[in-house]
Amino acid sequence: MRRQKCLFLMTLMAATASGMGPAPSQSAASIPNLSGVWAHTSITGYEPLASGPTSLRNLSRRGITSDNRQLVGDYHNPILKPEAAEIVRKHGEMSLAGVGYPTPRNQCWPGGIPFVFTTTAIQVLQQPSEITFLYYEDHEIRHVRMNQPHPKTVTPSWYGDSVGHFEGDTLVIDTVGIKVGPYAMLDWYGTPHTPALHVVERYRLLDYERAKEGLERDAKENFQVQLDTIDPNYRGKHLQLEFTVEDEGVFTTPWSATMTYRPQVTEWEESICAENPHKFGTETDVAIPTAAKPDF
C-alpha cells in the first residue's frame, strides 16, 4: 500500500478516536466538508488578484501565460521593500542567464507556507479536532489544530503553528512561527521572508460560476499542466483558497492571492523529489536535507 494511503488510514483512525466536536459557536451540521483530492493544474505561481496588493507575476511570458522555463518575478511590484525587490531581481537575472537557482522544491526541502501552495494537488483530511493537508510533491504534510489558540511561545517549524476555525462556510487558518530555512522563499521567484511572516488562509467551496473567475485568472497567468487529472467539463463544487500574507521585514503592505482547485479524477500517486540528486555539472547537486539525529 502506498505511503499516502497509509497516512489516510492513520488519519481516519485518529479522527475516530478523538471525538472532539467543533467550536460551540457553530453546529456540526453547518460545517462544510472540504475533504477530498483537489487539483491545481498550473505552474509556477499563485492566481494574482485583478486589483489591490497581490502576488508577483512572471515578467517572462510564453504567449499570454507565465514562462515556467524563465522565472523572472516582477520586482517592480509595490508590495516589495527595496531589499526584497533586489533579491527578486537577482533571481530573475540568474534565470534569464540559464542558471538554475535553488528553491525548496528543487532542493527537496520543506516548502513552508505559502510556498507549498504552488503544488499541483492537495488532499484534505477533515476531522473535528484537526485538518490535515497532504501536498502532492515530496510527501509534504501539514496539520492544522481546530478551535485552539496559538501557544504563548511558538517554536519555529517548516509549516509554522497553524490553528483553524470555521466562520460560516469558510475555513479560516492562521499561521505564525514559520521557520526560515536555507532556501526559504515565498514563491518561485525567490521572494524572501523573515520570522515575522504571518499567513491567513480562507477556504470555501464555490459553485462553478463563482469559481470561474479564479480559474480564468489562473489560466491567464500560469502555464497549464497535468490537465489529464481533471474533468474539463466538470461544473460542480470547486475549492478556493484566498490567502493573505504579512511580513513587515519584506513587504510594504499585506497582500492577497488565490488558488482555485477542481476535484482530481485520477489516482493520488507518489511524487518523490530525491530520486536523483545529481545535476551532472550543469548546477550544484541537490542539497538533500540530512541530520545526524532526529530533530523530534
Side-chain angles (χ1 to χ4, degrees), residues 34 38-61 64-68 71-81 84-85 87-88 91-92 103-105 111-122 124 133 135-137 142 159-160 162 170-176 178 184-193 196-206 210-225 238-248 250-262:
L34 309 183
W38 301 93
H40 191 269
T41 55
S42 68
I43 52 176
T44 55
Y46 310 122
E47 300 162 0
L49 301 183
S51 61
T54 193
S55 57
L56 273 60
R57 292 176 169 85
N58 192 351
L59 295 178
S60 182
R61 314 301 292 182
I64 65 170
T65 65
S66 170
D67 187 347
N68 61 296
L71 303 176
V72 187
D74 183 5
Y75 55 90
H76 303 294
N77 190 320
I79 67 171
L80 296 172
K81 287 189 172 182
I87 291 172
V88 172
H91 278 82
T103 70
R105 182 70 49 79
I113 306 296
F115 184 93
V116 76
F117 298 162
T118 63
T119 186
T120 53
I122 62 173
V124 182
F133 289 85
Y135 298 93
Y136 178 61
E137 278 82 8
R142 178 182 173 216
Y159 302 103
S162 296
T170 302
L171 170 63
V172 181
I173 300 174
D174 189 280
T175 301
V176 296
I178 301 168
M185 55 184 67
L186 296 187
D187 53 34
W188 285 58
Y189 309 121
T191 305
H193 74 84
L197 177 62
H198 176 210
V199 181
V200 177
E201 304 153 66
R202 293 178 175 271
Y203 294 84
R204 295 184 300 161
L205 292 174
L206 299 180
R210 297 175 65 193
K212 184 167 64 172
E213 187 268 341
L215 297 173
E216 291 173 347
R217 281 188 286 108
D218 180 60
K220 183 178 180 181
E221 175 59 25
N222 296 309
F223 188 72
Q224 302 299 297
V225 296
H238 291 57
L239 178 68
Q240 187 173 79
L241 159 63
E242 181 176 359
F243 64 96
T244 300
V245 175
E246 297 179 278
D247 189 335
E248 59 184 12
V250 174
F251 303 113
T252 60
T253 183
W255 58 269
S256 300
T258 63
M259 300 293 283
T260 306
Y261 301 91
R262 290 173 274 204

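Basis for what follows: all heavy atoms, side chains included, without hydrogens, waters or symmetry-related copies.
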- Item | L241 and I122, any side-chain heavy atoms less than 4.5 Å apart | no
- Message: Atom CD of residue position E248 - does it have more than 12 heavy atoms of other residues, nucleotides or ligands inside 6.0 Å?
- Response: no
- Task: Would you check if the side chain of N68 reaches a backbone N or O of N222 as a donor-acceptor pair within less than 3.5 Å?
- Result: no
- Query: Rounded to the nearest 0.5 Å, what separation is found between the CG atom of L56 and the CG atom of N77?
  - Reply: 5.0 Å
- Could you walk me through whether D218 and H40 pass the side-chain contact (heavy atoms from CB on, under 4.5 Å) check? CA-CA 9 Å; D218 180 60; H40 191 269; 3.3 Å; yes
- Which distance, rounded to the nearest 0.5 Å, do you find between the CG of L239 and the CG of L206? 8.0 Å
- Query: Which atom names give the shortest non-hydrogen contact between T191 and L80, and what distance separates them?
  - Reply: CG2-CD2, 4.0 Å
- Message: Quick check on K81: does its NZ atom have over 12 non-hydrogen neighbours (other residues, nucleotides or ligands) under 6.0 Å away?
- Response: yes
- Main-chain N/O of Q240 paired with T258 side-chain donor or acceptor, under 3.5 Å: no
- Query: Mind checking whether V245 and P114 have side chains closer than 4.5 Å, heavy atoms only?
  - Reply: yes
- Item | Y46/F243 aromatic ring centres below 6.0 Å | yes
- Taking D74 for its side chain and N58 for its backbone only, find out whether a donor-acceptor pair lies under 3.5 Å. no
- Please name all residues satisfying salt bridge (Lys or Arg N to Asp or Glu O under 4.0 Å) with R142, sequence neighbours left out, ordered by chain then number. E201
- Message: Less than 4.0 angstrom from a charged side-chain N to a carboxylate O is my criterion; do R57 and E47 meet it?
- Response: no
- Just jot down the salt bridge (Lys or Arg N to Asp or Glu O under 4.0 Å) partners of R217, sequence neighbours excluded, or say none. E213
- Note on the structure: Checking Y203, Y159, W38 against F133 for ring-ring contact (aromatic ring centres under 6.0 Å, His included), the one that qualifies is Y203
- Query: By salt bridge (Lys or Arg N to Asp or Glu O under 4.0 Å), which residues pair with E216, not counting sequence neighbours?
  - Reply: none
- When T244, D247, D174, T175 are each screened for side-chain hydrogen bond (donor to acceptor under 3.5 Å, both in side chains) with H198, the one that passes is D174
- Message: Whether the side chain of T54 engages the backbone of P48 through a donor-acceptor N/O pair (distance < 3.5 Å, no angle test) should be reported.
- Response: no
- Query: What do the steps show when you test Q224 against T65 for side-chain contact (heavy atoms from CB on, under 4.5 Å), and what is the final call?
  - Reply: CA-CA 9 Å; Q224 302 299 297; T65 65; 5.9 Å; no
- E221 and R61: side-chain contact (heavy atoms from CB on, under 4.5 Å), yes or no, with the steps? CA-CA 9 Å; E221 175 59 25; R61 314 301 292 182; 3.2 Å; yes
- Message: I need the minimum non-hydrogen distance between P53 and P254, along with the two atoms involved.
- Response: CB-O, 3.5 Å
